[in-house]
Amino acid sequence: MIGGGPGGLYFAYLWKKRHPEDQVDLFEQNPADATWGFGVVFSDQALEFLRADDPETVDAIAPHMESWENITLNLHGDSVAIDGVGFSSIGRLELLRFLQQRALDVGVTPRFDSQIHAIDQLNGHDLIVAADGLNSLVRRAYEGDFGTSLSYSSNKFVWYGTSKRFDTLSQTFVKTDRGAFNAHHYRYSPAMSTFLVECDHATWQAYGFAYKDVEQSKGVCEEVFADTLGGHCLVSNKSVWRNFPWVWNEHWSFKNMVLLGDALHSAHFSIGSGTRLAIEDAIALVKALESDAHLATALHRYQAARKPVVQKLVNAARTSAFWYERFAEHMKLPLMDFAYSYITRSGRIDDSRLRAMSPAFMSRYEAAKNGGDEA
């Protein structure tokens with residue numbers, strides 16, 4: 001295993017637990033307690049998928065998660081709740097520690113602070129699983145063989161935390177004299193929340209963020225979202241402005257190397273599925289490897305079974321990201337029209353499904369559409 005993120009740790013744990021006679025070495029370039037970001041989110045559907053394959057892990061994690069049933073949208077000082085959209089979250093570092101301990105308990109050999117500089121360092125291993133993220137060494141070394149494509153979303157984003165506790169996964173949209181901002185925020189522990197700030201490139205330029213350091217950028221974001229933060233500060237953790245990278249690989253394996261998680265594909269943060277996809281990749285890879293003793297055939301099974309599922313979700317993520325690239329235009333809509341545009345942005349939810357999933361929201365939306373009171 002190259003990469004000790006959630007996907008790499010989970011595959012290592014799952015394989016060693018089911019095949020205790022095998023040697024599983026895990027190499028992670030960072031210390032065991034290092035982490036990017038703050039919290040990670042799982043939809044109720046994602047947790048149920050994991051529970052079907054590994055109820056023990058879900059039952060162990062669940063008591064440490066924050067959960068809610070609504071999404072809240074805030075626009076121009078007004079807000080609307082979209083019911084029936086269940087999510088749970090946990091601190092990324094807490095999740096990593098849990099999976100690290102699980103891997104240790106079944107006999108995985110983790111090697112933290114161990115950077116792999118060349119693939120030939122791993123000669124002698126039967127299988128190399130690359131779960132080493134967006135900048136994967138394995139993928140970059142064989143981009144042509146993996147059929148790698150890389151592009152970037154036009155919006156800029158920066159990831160913070162805050163001690164302000166939010167009741168639900170929330171989106172706050174703010175218009176200023178120099179552009180529009182959006183914040184994705186949700187609690188991931190009793191005392192902390194994720195607070196991701198996003199804006200289009202024109203707004204980013206108008207504020208001169210290219211010439212501001214981390215503290216100056218944080219100060220601007222605290223000012224823009226002062227009402228939302230309610231006196232709380234933002235917390236940085238390598239919080240720099242970035243463009244979201246779209247990673248895709250046509251071929252998921254080459255020789256005895258196979259990709260999973262962000263090394264293989266990226267899904268926009270607006271659908272909150274990066275960690276989920278990595279863990280589901282790990283489950284699918286274990287099943288494929290167990291289905292055929294011939295490695296090349298097993299790796300082909302992994303791609304054949306998993307690729308259509310991932311492609312569908314990544315397509316939805318791209319559609320969602322495109323909505324966010326135009327969110328300043330959507331902000332001109334009345335509140336309920338804006339909320340409807342938001343919840344249907346990925347193209348996967350139609351009115352009938354929305355009525356079943358979010359009856360309170362649809363009742364309010366249809367009343368407003370028919371000339372009733374939005375309040």
Side-chain angles (χ1 to χ4, degrees), residues 1-28 40 42 46-58 95-96 99-100 102-103 106-110 116 119 122 125-134 136-139 141-142 145-148 247-267 273-314:
M1 292 299 310
I2 309 178
L9 284 166
Y10 191 74
F11 175 84
Y13 152 71
L14 204 57
W15 187 262
K16 184 66 173 176
K17 179 184 178 184
R18 296 163 72 112
H19 304 273
E21 72 283 359
D22 287 0
Q23 179 180 337
V24 179
D25 297 321
L26 186 145
F27 300 88
E28 167 55 45
V40 295
F42 293 88
L47 283 178
E48 286 310 306
F49 182 94
L50 179 57
R51 185 184 297 278
D53 281 277
D54 188 1
E56 183 183 346
T57 293
V58 175
L95 177 62
L96 287 176
L99 292 175
Q100 286 168 7
R102 224 152 174 77
V106 295
V108 173
T109 306
I116 302 298
I119 307 303
L122 301 173
H125 288 83
D126 300 297
L127 176 66
I128 298 171
V129 182
D132 47 345
L134 294 168
S136 169
L137 167 72
V138 173
R139 190 194 67 236
Y142 298 99
D145 298 291
F146 286 117
T148 303
V247 173
W248 183 254
N249 293 272
E250 278 302 308
H251 311 295
W252 290 22
S253 61
F254 176 62
K255 295 183 178 178
N256 68 331
M257 296 169 284
V258 62
L259 307 175
L260 67 76
D262 285 347
L264 174 59
H265 47 63
S266 57
S273 293
T275 301
R276 165 203 172 176
L277 281 175
I279 289 176
E280 290 178 359
D281 286 349
I283 293 170
L285 181 55
V286 167
K287 288 181 177 178
L289 290 169
E290 290 178 338
S291 71
D292 200 298
H294 189 265
L295 182 61
T297 306
L299 295 180
H300 176 75
R301 284 178 184 267
Y302 165 57
Q303 175 174 325
R306 183 82 179 127
K307 188 176 181 180
V309 177
V310 175
Q311 182 74 71
K312 186 176 179 180
L313 199 146
V314 168

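These figures come from a predicted structure and were not determined experimentally.
Among Y302, F11, Y10, the single residue meeting the side chain to side chain contact (heavy atoms under 4.5 Å, CB included) criterion with D281 is Y302. Checked options V286, I279, D53, V106; the residue passing with L14 is V286 (criterion: side chain to side chain contact (heavy atoms under 4.5 Å, CB included)). Exactly one of L99, L26, D54 qualifies for a side chain to side chain contact (heavy atoms under 4.5 Å, CB included) with Y13. That residue is D54.
Minimum interatomic distance between M1 and A131 (heavy atoms only, all atoms of both residues): CE-CB, 4.0 Å. Residues D132 and A263 come closest through the heavy atom pair OD1-CB, 3.9 Å. Across every non-hydrogen atom of N256 and L127, the tightest pair is O-CD1, 3.4 Å. Summarising the geometry of R306 relative to W252, their closest heavy-atom pair is CG-CZ3, 3.5 Å, with the distance given to 0.1 Å.
One finds the CD1 atom of I128 at 11.0 Å from the CG atom of D25 (value rounded to the nearest 0.5 Å). Annotation: the span from H125 atom NE2 to I119 atom CD1 amounts to 12.0 Å, rounded to 0.5 Å. With rounding to the nearest 0.5 Å, the separation of CG in L259 from OG in S136 is 6.0 Å. Considering CG of L285 and OG of S253, their distance stands at 9.5 Å, rounded to 0.5 Å. With rounding to the nearest 0.5 Å, the separation of CG in L289 from CG in L299 is 6.0 Å. A distance of 8.5 Å separates CD in E28 from CG in L96, rounded to the nearest 0.5 Å.
At least one side-chain heavy atom of L122 sits under 4.5 Å from a side-chain heavy atom of I116. Inter-residue side-chain proximity for W248 and T148 is flagged as unmet; no heavy-atom pair is nearer than 4.5 Å. Using a 4.5 Å heavy-atom cutoff, the side chains of L95 and V40 are in contact. For the pair L9/V108, no side-chain contact is recorded, criterion being any heavy-atom separation below 4.5 Å from C-beta on.
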Test side-chain hydrogen bond (donor to acceptor under 3.5 Å, both in side chains) on H300 and D292; report intermediate values, then the result. CA-CA 10 Å; H300 176 75; D292 200 298; over 6 Å; no
What verdict does the side-chain hydrogen bond (donor to acceptor under 3.5 Å, both in side chains) test give for E290 and H19, after you've listed the backbone C-alpha separation in whole Å, the side-chain angles of each residue and the deciding distance to 0.1 Å? CA-CA 10 Å; E290 290 178 338; H19 304 273; 2.8 Å; yes
Please lay out, stage by stage, how R276 and L313 fare under the test side chain to side chain contact (heavy atoms under 4.5 Å, CB included). CA-CA 11 Å; R276 165 203 172 176; L313 199 146; 3.6 Å; yes
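Look at E56 and R102 and you find a salt bridge, because one of the NZ, NE, NH1 or NH2 atoms lies within 4.0 Å of a carboxylate O, short of that distance.
A donor-acceptor pair under 3.5 Å is absent between the side-chain atoms of N249 and the main chain of G147, judged by distance alone. A donor-acceptor distance shorter than 3.5 angstrom exists from the side chain of S266 to the backbone of V247, with no hydrogens or angles considered. Counting only distance, with no hydrogens or angles, the side chain of Q303 and the backbone of E250 share a donor-acceptor pair below 3.5 Å. Looking at R139, its side chain does come within 3.5 Å of a backbone N or O of L134 through a donor-acceptor pair. A donor-acceptor contact shorter than 3.5 Å is absent between the side chain of K16 and the backbone of A103.
In summary, the side chains of H251 and D145 do not present any donor paired with an acceptor at a separation below 3.5 Å, with no hydrogens or angles considered.
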